J.: 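This is the structure I have questions about; it appears just below.
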Protein chains: 2
Amino acid sequence: MIKRTINRLFIYKNALNHFKKLGFVKVFSDNLADAVGVTPSQVRKDFSAFAISGNRRGGYRVNDLLENINKILGKNKVEEVIVVGSGNIGRALIRYNEGFMKENIKIVAAFDTDSSKADRDNAIPILPFEEMADFIREKGIKVGIIAVPDGAAQHVFEVMANAGIKGVMNFAPIMLKGTPTAVISNVNLALELENIIYYVNAGESAAYL
Amino acid sequence: MIKRTINRLFIYKNALNHFKKLGFVKVFSDNLADAVGVTPSQVRKDFSAFAISGNRRGGYRVNDLLENINKILGKNKVEEVIVVGSGNIGRALIRYNEGFMKENIKIVAAFDTDSSKADRDNAIPILPFEEMADFIREKGIKVGIIAVPDGAAQHVFEVMANAGIKGVMNFAPIMLKGTPTAVISNVNLALELENIIYYVNAGESAAYL
DNA sequence: ATATTTTTGTGATTTTTTTCACAACACTAT
DNA sequence: ATAGTGTTGTGAAAAAAATCACAAAAATAT
């Protein structure tokens, strides 16, 4: 699978934007490798997988490379996403919206089962969960973020999937089951921390997890 | 490397606690596999790597298994961690502390360069960044979370590392360089979302990222 | 007792991912 | 022109991870 390659492509893109901002016109595979924490071969192999080419001896022109990568990753239009759950994580994501905007991601609404939390006047409105399915269908939303308590996540997912959601970022530490129509990515910050703590206590001195 | 195995062990642990709560006394490798989204062989291979054994035909006794896993993952005492940056992410993490507590992780303080944000009376105090190094040394803190703007992350990391931090969860989308004495785990929510969006737009119908 | 069934534990195999290593090329200097 | 140098692009090799597949063991049934 080229899943990892795709993921790295996003990371290269990021590094390239940095380089560009710093005024670089050309980069070499080892510049990117350093910036991103992989080997130069890895960088070249990744590019090779998508037939991105540079100049032997001349490296890659930052602009061309960015253009190529952007074409592959296809990020031109803003993607509208919704958040379900307005607890700590949900609210943090909403507030972080500016950060997402830089990557062409826009949180357009949040939903909560506790309808007393509804707030339609907010820049990013918080709406009753019952309205979610219609909202998804009407606006053609494709991506949703699940930031609800564990017990509610499966149900939320099913409603989302039925309404046509195609991708989900799930913060609940459970495996979402059913409808194999959506791409799912689980994010679990406590798990991430537990891993770090494990290696620290194991006396691991340096590693990227 | 057994990095992935360790990570899965944490996930199995989680699932086992669920099973236990539901009253299960025994589990089979395929129960765990289902719960966690891997193959039964994978589960057994993982256990095998740490010489955890069950009963042929009888599966694994939930309690024994949990005990074994906990012994390997070594999580008995609470790990005290600090957060640097009291922006959206930092504050969200602080508020999420209850969630971490379930996993024996406790955020004991936050730090911010903007000393006007200081708040010593909070349950989790927010302190001026200048006090961080001493705090780390005095309390013997091993793990820190970097939730500051990109530009500040490297500096924060260096101060942390010098003060003795051994593990870092980094929310800034940059490669932290230098002092190879700390385990580093990068978390990038925008990147995660970008990946999801990529697969959604690529028409990928079902996948776990 | 014996046969049958179920599930583990693991060596062998396959698949995936990364690294190596070097020819091909392009640029520079002489 | 020619030699020298630095960097790509990519097959080949190595390493890492996942899956297969099946004998061995344990429980149950006959």
Side-chain angles (χ1 to χ4, degrees), chain A residues 1-12 15-16 19 24-69 72 175 186 195 199 204 207-209, chain B residues 1-12 15-16 19 24-69 72 175 195 199 204 206-209:
Chain A
M1 179 91 60
I2 52 166
K3 225 158 56 180
R4 289 170 185 249
T5 300
I6 294 285
N7 188 54
R8 279 192 299 262
L9 242 36
F10 279 108
I11 302 177
Y12 299 143
L16 282 165
F19 282 131
F24 282 55
V25 175
K26 312 194 298 185
V27 283
F28 301 114
S29 57
D30 62 323
N31 300 141
L32 276 169
D34 279 0
V36 153
V38 300
T39 63
S41 321
Q42 181 77 83
V43 173
R44 298 200 299 274
K45 252 285 148 69
D46 286 337
F47 290 169
S48 164
F50 287 97
I52 294 175
S53 62
N55 295 26
R56 294 186 198 235
R57 177 144 190 173
Y60 305 83
R61 300 191 64 79
V62 173
N63 280 328
D64 297 357
L65 193 45
L66 267 171
E67 199 178 314
N68 272 313
I69 292 180
I72 291 159
M175 275 289 290
N186 291 309
N195 270 283
Y199 289 103
E204 208 90 358
Y208 268 92
L209 301 189
Chain B
M1 177 90 61
I2 52 168
K3 226 159 56 179
R4 289 168 186 246
T5 302
I6 294 285
N7 188 53
R8 281 191 298 264
L9 241 35
F10 279 107
I11 302 177
Y12 298 144
L16 283 165
F19 282 131
F24 283 55
V25 175
K26 312 192 299 184
V27 284
F28 301 114
S29 56
D30 62 324
N31 300 141
L32 275 169
D34 279 359
V36 152
V38 299
T39 62
S41 321
Q42 182 76 83
V43 172
R44 299 200 298 275
K45 254 281 152 70
D46 286 338
F47 290 169
S48 163
F50 286 98
I52 294 175
S53 62
N55 295 27
R56 293 184 198 238
R57 175 140 191 177
Y60 304 83
R61 301 190 64 79
V62 174
N63 280 329
D64 296 358
L65 192 46
L66 267 171
E67 199 177 316
N68 272 314
I69 292 180
I72 291 159
M175 276 289 291
N195 270 282
Y199 289 103
E204 208 89 358
Y208 267 94
L209 302 189

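Throughout, a chain's letter reflects where its sequence line sits, starting with A, and its residues are numbered from 1. Predicted, not measured: the structure shown is a model, and the values here were computed from it.
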J.: Whole angstroms only, please: what is the CZ-C1' distance between A:F28 and D:dG9?
T.: 15 Å
J.: Scan B:Y60 against the nucleic acid and name what it touches under 4.0 Å (heavy atoms): base, sugar-phosphate only, or nothing.
T.: sugar-phosphate
J.: Rounding to a whole Å, what distance do you find between B:F47:CZ and D:dA17:P?
T.: 18 Å
J.: What protein N or O atoms touch nucleotides 27-30 of chain C N or O atoms at under 3.5 angstrom, if any, and at what distances?
T.:
{"residue": "C:dC27", "atom": "O2", "partner": "A:R57", "partner atom": "NH1", "Å": "2.7"}

J.: Quick one: A:N7 CG to C:dT16 C1', roughly how many Å, whole number?
T.: 16 Å
J.: For A:I52 and D:dT10, give me the distance from atom CD1 to atom P, rounded to whole Å.
T.: 12 Å
J.: What is the distance from atom NZ of A:K45 to atom OG1 of A:T39, rounded to the nearest 0.5 Å?
T.: 10.0 Å
J.: Below the 4.0 Å mark, does C:dG9 have OP1 or OP2 next to a side-chain nitrogen or oxygen of B:S48?
T.: no
J.: What distance do A:D46 atom CG and A:Y12 atom OH have between them, rounded to the nearest 0.5 Å?
T.: 3.5 Å
J.: Rounded to whole angstroms, how far apart are CZ on A:R61 and P on D:dT7?
T.: 16 Å
J.: Would you kindly give the CG-to-C1' distance between A:N31 and D:dT7, to the nearest whole Å?
T.: 11 Å
J.: Please table the atom pairs, donor to acceptor, closer than 3.5 Å between any side-chain atom in residues 53-65 of chain B and protein atoms at least two apart or in another chain.
T.:
{"residue": "B:N63", "atom": "OD1", "partner": "B:K20", "partner atom": "NZ", "Å": "3.2"}

J.: Give the residues of residues 39-46 of chain A touching DNA chain C, defined as any heavy atom closer than 4.0 Å, sorted by residue number.
T.: A:T39, A:S41, A:Q42, A:R44, A:K45
J.: If you define the side chain from C-beta out and look only at heavy atoms, does anything of B:F28 sit under 4.5 Å from B:D34?
T.: no
J.: A side-chain contact here means heavy atoms from C-beta on lying under 4.5 Å apart; do B:L209 and A:K3 qualify?
T.: yes
J.: Whether the B:Y208 and A:N186 side chains hold a donor-acceptor pair (N or O, under 3.5 Å, no angle test) is what I'd like checked.
T.: no
J.: Whole angstroms only, please: what is the NZ-P distance between A:K3 and D:dA16?
T.: 20 Å
J.: Any idea which heavy atoms bring A:A15 and A:A35 closest together, and the distance?
T.: CB-CB, 4.2 Å
J.: Judged by each residue's nearest nucleotide on DNA chain C, which is more toward the 5′ side, A:R8 or B:G59?
T.: B:G59
J.: Would you kindly give the NZ-to-P distance between A:K26 and C:dA26, to the nearest whole Å?
T.: 13 Å
J.: Can you name the closest pair of heavy atoms from A:A33 and A:P40 and give their distance?
T.: CB-N, 3.5 Å
J.: Using a 4.5 Å cut-off on heavy atoms from C-beta on, say whether the side chain of A:F19 contacts that of A:L32.
T.: yes
